[in-house]
Novice: 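This is the structure I have questions about; it appears just below.
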Amino acid sequence: MKEYKNYIGGKWVDSVTGRKFEDRNPANWDEVIGIFPKSNAEDVEKAVEAAKKAYKYWKKVPVPKRGEIVRKAAELLLERKEEIARLMTREMGKILKETRGDVQEGIDTAFYAFGESRRLFGWNAPSELPDKYALTMRQPMGVWGIITPWNFPIAIPSWKIFPAILAGNTVVFKPATDTPACAAELVKILEEAGVPEGVVNIVFGSGSEVGMALLEHPDIVGISFTGSSDVGRKIAEIAGRGLKKISLELGGKNGQIVMDDADLELALEGVIWGAFGTTGQRCTATSRLIIHEAVYDKFLEMVVERAKQIKIGNGLDETVEMGPLINEAQREKVKMYVEIGKNEDKARLILGGDVPKGEEYEKGWFFQPTIFDNVNPSMRIAQEEIFGPVLSVFKVKSFEEAIEVLNSTNYGLSSSIYTRDLNKAMKAIEEIEAGIVYVNAPTIGAECHLPFGGIKNTGNGHREGGWTVYEIFTEWKTIYIDFSGKLQKAQIDTWEE
Ligand code: NAD
């Protein structure tokens, strides 16, 4: 069995605590993937020291040179794509098709960062005074704390680490305790690609110890966090006290609208993929299905029939469509929401709601595809993020009501509408309250070169992905160059011919 270490200042080192934790396969809990150090604030201290030291050098490396290292990492990820995808399926359960996609997103993000290394543009603007230039440039900030969840073990750390280091920052990375092995592979690739010592450091351990130590550390300039809204709120409070820059990508409760004129076959594939892909454990998962009354009965029957056929099992089997939930606590949470749903006024459990029966499911955290109909927006199953294969279905009378139901949540990440009416599609794009809108496509499927993030309780206004992530990891510097040879006072001196 593999024993892993922290990576600090270019060396793989034990935690000062000597404590360990196990990483197990959620589809077969007898399989231990690896043993990891359960680190504490002292380990974080060492990692921050190393990152601070490295920053002095790294910020001076020309951006295109940093880009070359990132490109090398992209190539190594590409070479090792299949191996890492298989490890990811064993480590967190999603099916191979999806874990390959997860690694691909890391590859795409790294290549995009490489391209950005020849841009990272500043702006300039005309000055209000003669013989004076006004321009701007982006600068790195220092040491960033990177805290990530387990559901995209390569993609999410890649969204953060590649742009952070490309921009000239150094990082201390704390991955989720459910997916430390994938995180370690990513760091090994960065090491092999030639990232200098101290630029990327990884410290394994819990949110309450390692995570908190990052939030409270005075030498950390920013925290880039993806995870639940509850933890995000805590992070904003604690790291906010230190006036750190804080980027939060949080939960979702995403809706798919199916209008009376929709292509129902297409909408069916969309909702099955959106609701049950990654066992419903995506921030962009479709957890609310909003159907126009004219096609309600027909479409709901189609969804239930198709969902019944979903093959559940170990994601390494290419014929399996849905793997297990991540861990016992998550399965208990899903079970709890099924009970809540059953007891909510008028909601009806029409599919699933339980652990699948059979020997092959006995050692994994499996759960059936689950559907509630007759749901209304005030119910808890309509409002709270369940993070499992549970779909709540709503019947609406009109386009306006569909939009109202879709918007009636505290989250605002992704959304979708299926319609053949261009006017309705355009109106939906205007009126939906979410960071991402899909037309005739499911709520999942973001592309790495476009901004990603949400409104309301889904975040605090930042967008990862594409060019916008560089707004997070850089600071603007404004430069005025006066070549008039005299004192010119902005707002006081006026230009005269
Ligand atoms: P989580 O919030 O429980 O944990 C996320 C990370 O935060 C983990 O590394 C955890 O150890 C750490 N953490 C926990 N408490 C902490 C604390 N007090 N201080 C510092 N760090 C702490 O989330 P999770 O269960 O790993 O992931 C699922 C959640 O992530 C869902 O809510 C999902 O919607 C969200 N998510 C959002 C996006 C997005 O881009 N918006 C993407 C994926 C997942």
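Starting from 1, each residue takes its place in the sequence as its number. Atoms within each ligand, like the ligands themselves, are counted from 1 in listed order.
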Novice: Do any pairs count as a salt bridge (Lys or Arg N to Asp or Glu O under 4.0 Å) and have a residue in residues 231-254, sequence neighbours left out, and if so which ones?
Specialist: Asp230-Arg233
Novice: Please name all residues satisfying ring pair (Phe, Tyr, Trp, His ring centres under 6.0 Å) with Phe372, sequence neighbours left out, ordered by chain then number.
Specialist: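 For Phe372, no residue satisfies ring pair (Phe, Tyr, Trp, His ring centres under 6.0 Å) once neighbours in sequence are set aside.
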Novice: Nearest heavy atom to atom 6 (C) of ligand 1: which of Ile146, Thr148, Ile223, Asn457 does it belong to?
Specialist: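 Nearest option to atom 6 (C) of ligand 1, by heavy atoms: Thr148.
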Novice: What atoms of ligand 1 come within less than 4.0 Å of a heavy atom belonging to Ile156?
Specialist: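 Selected atoms, number and element: 42 (C), 43 (C).
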Novice: Does one side chain, of Tyr337 or Glu384, offer a donor that lies under 3.5 Å from an acceptor on the other?
Specialist: yes
Novice: For atom 10 (C) of ligand 1, find the nearest protein heavy atom and state the residue, atom name and distance (0.1 Å precision).
Specialist: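 For atom 10 (C) of ligand 1, the nearest protein heavy atom comes out as Lys174 NZ, 4.0 Å.
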Novice: Check each heavy atom of Asn151 against ligand 1 and say whether those closer than 4.0 Å belong to the side chain, the backbone, both or neither.
Specialist: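 Side chain only.
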Novice: Can you report which non-hydrogen protein atom sits closest to atom 15 (N) of ligand 1, along with the distance?
Specialist: Val231 CG1, 3.5 Å
Novice: Can you sort out which atoms of ligand 1 are near Pro149, meaning under 4.0 Å from one of its heavy atoms?
Specialist: 24 (P), 26 (O), 27 (O), 44 (C)
Novice: Do you see a donor-acceptor pair shorter than 3.5 Å between the side chains of Asn6 and Asp14?
Specialist: no
Novice: Checking side-chain polar atoms at under 3.5 Å, does Thr284 have a donor or acceptor matched by the opposite partner on Thr443?
Specialist: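 On atom types as modelled, these side chains do not qualify, holding no pair under 3.5 Å.
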Novice: Does the protein place a non-hydrogen atom closer than 4.0 angstrom to atom 4 (O) of ligand 1?
Specialist: no
Novice: Which of the atoms of ligand 1 are close to Trp150, meaning less than 4.0 Å from one of its heavy atoms?
Specialist: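 Those atoms are 24 (P), 25 (O), 26 (O), 27 (O).
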Novice: Report the residue from Thr458, Ile436, Leu413 that forms a side chain to side chain contact (heavy atoms under 4.5 Å, CB included) with Asn254.
Specialist: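 So the option named by the test is Leu413.
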Novice: Check Phe387 against Cys283 and note the closest heavy-atom contact, atom names and distance.
Specialist: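 Distance-wise, the nearest heavy atoms are CE1-N, 3.8 Å.
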Novice: I'd like to know whether ligand 1 has Thr177 as a neighbour, heavy-atom separation below 4.0 Å.
Specialist: no
Novice: Is it the side chain (CB and beyond), the backbone, both or neither of Glu385 that lies under 4.0 Å from ligand 1, heavy atoms counted?
Specialist: side chain
Novice: Is there a donor-acceptor pair closer than 3.5 Å between any side-chain N or O of Glu98 and the backbone N or O of Gly277?
Specialist: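 Side chain of Glu98 to backbone of Gly277, a donor-acceptor pair under 3.5 Å: no, none is there.
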Novice: Can you find a heavy atom in the side chain of Glu91 that is under 4.5 Å from one in the side chain of Asp23?
Specialist: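 The answer is yes, as the side chains (C-beta and beyond) meet within the 4.5 Å cut-off.
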Novice: Can you find an N or O of Ser206 that's nearer than 3.5 Å to an N or O of ligand 1?
Specialist: no
Novice: Below a 4.0 angstrom heavy-atom separation, can you tell me which part of Thr226, side chain or backbone, both or neither, approaches ligand 1?
Specialist: both
Novice: Taking a cutoff of less than 4.0 Å between a non-hydrogen atom of the residue and any ligand atom, is Ile238 in contact with ligand 1?
Specialist: no
Novice: Looking only at protein heavy atoms, identify the closest one to atom 13 (N) of ligand 1 and say how far it is in Å.
Specialist: Gly207 CA, 3.5 Å
Novice: Please determine if Leu250 has a nitrogen or oxygen closer than 3.5 Å to a nitrogen or oxygen of ligand 1.
Specialist: yes
Novice: Between Lys160 and Ser224, is a side chain to side chain donor-acceptor pair (under 3.5 Å) present by the stated rule, with each step listed?
Specialist: CA-CA 7 Å; Lys160 299 174 186 302; Ser224 171; 3.0 Å; yes
Novice: Taking the side chain as every heavy atom from C-beta outward, state whether Leu87 and Glu185 have any atom pair closer than 4.5 Å.
Specialist: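 Sidechains of Glu185 and Leu87: in contact.
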Novice: Under 4.0 Å from ligand 1, counting heavy atoms only, is it the side chain of Asp178, its backbone, both or neither?
Specialist: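 Neither; nothing of Asp178 gets under 4.0 Å from ligand 1.
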Novice: Ligand 1 and Ser208, any nitrogen or oxygen pair closer than 3.5 angstrom?
Specialist: no
Novice: State the atoms of ligand 1, each with its element, that fall below the 4.0 Å cut-off from a heavy-atom position in Met212.
Specialist: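 Here the atoms of ligand 1 in question are 18 (N), 19 (N), 20 (C).
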Novice: Does at least one non-hydrogen atom of Phe152 fall below 4.0 angstrom from an atom of ligand 1?
Specialist: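 In this structure, Phe152 fails to qualify as a contact of ligand 1 - no heavy atom is under 4.0 Å.
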Novice: Decide salt bridge (charged side-chain N to carboxylate O under 4.0 Å, His left out) for Lys188 and Glu192; before the verdict, give the C-alpha distance in whole Å, the side-chain angles of both, and the deciding distance to 0.1 Å.
Specialist: CA-CA 6 Å; Lys188 277 189 212 159; Glu192 200 182 326; over 6 Å; no
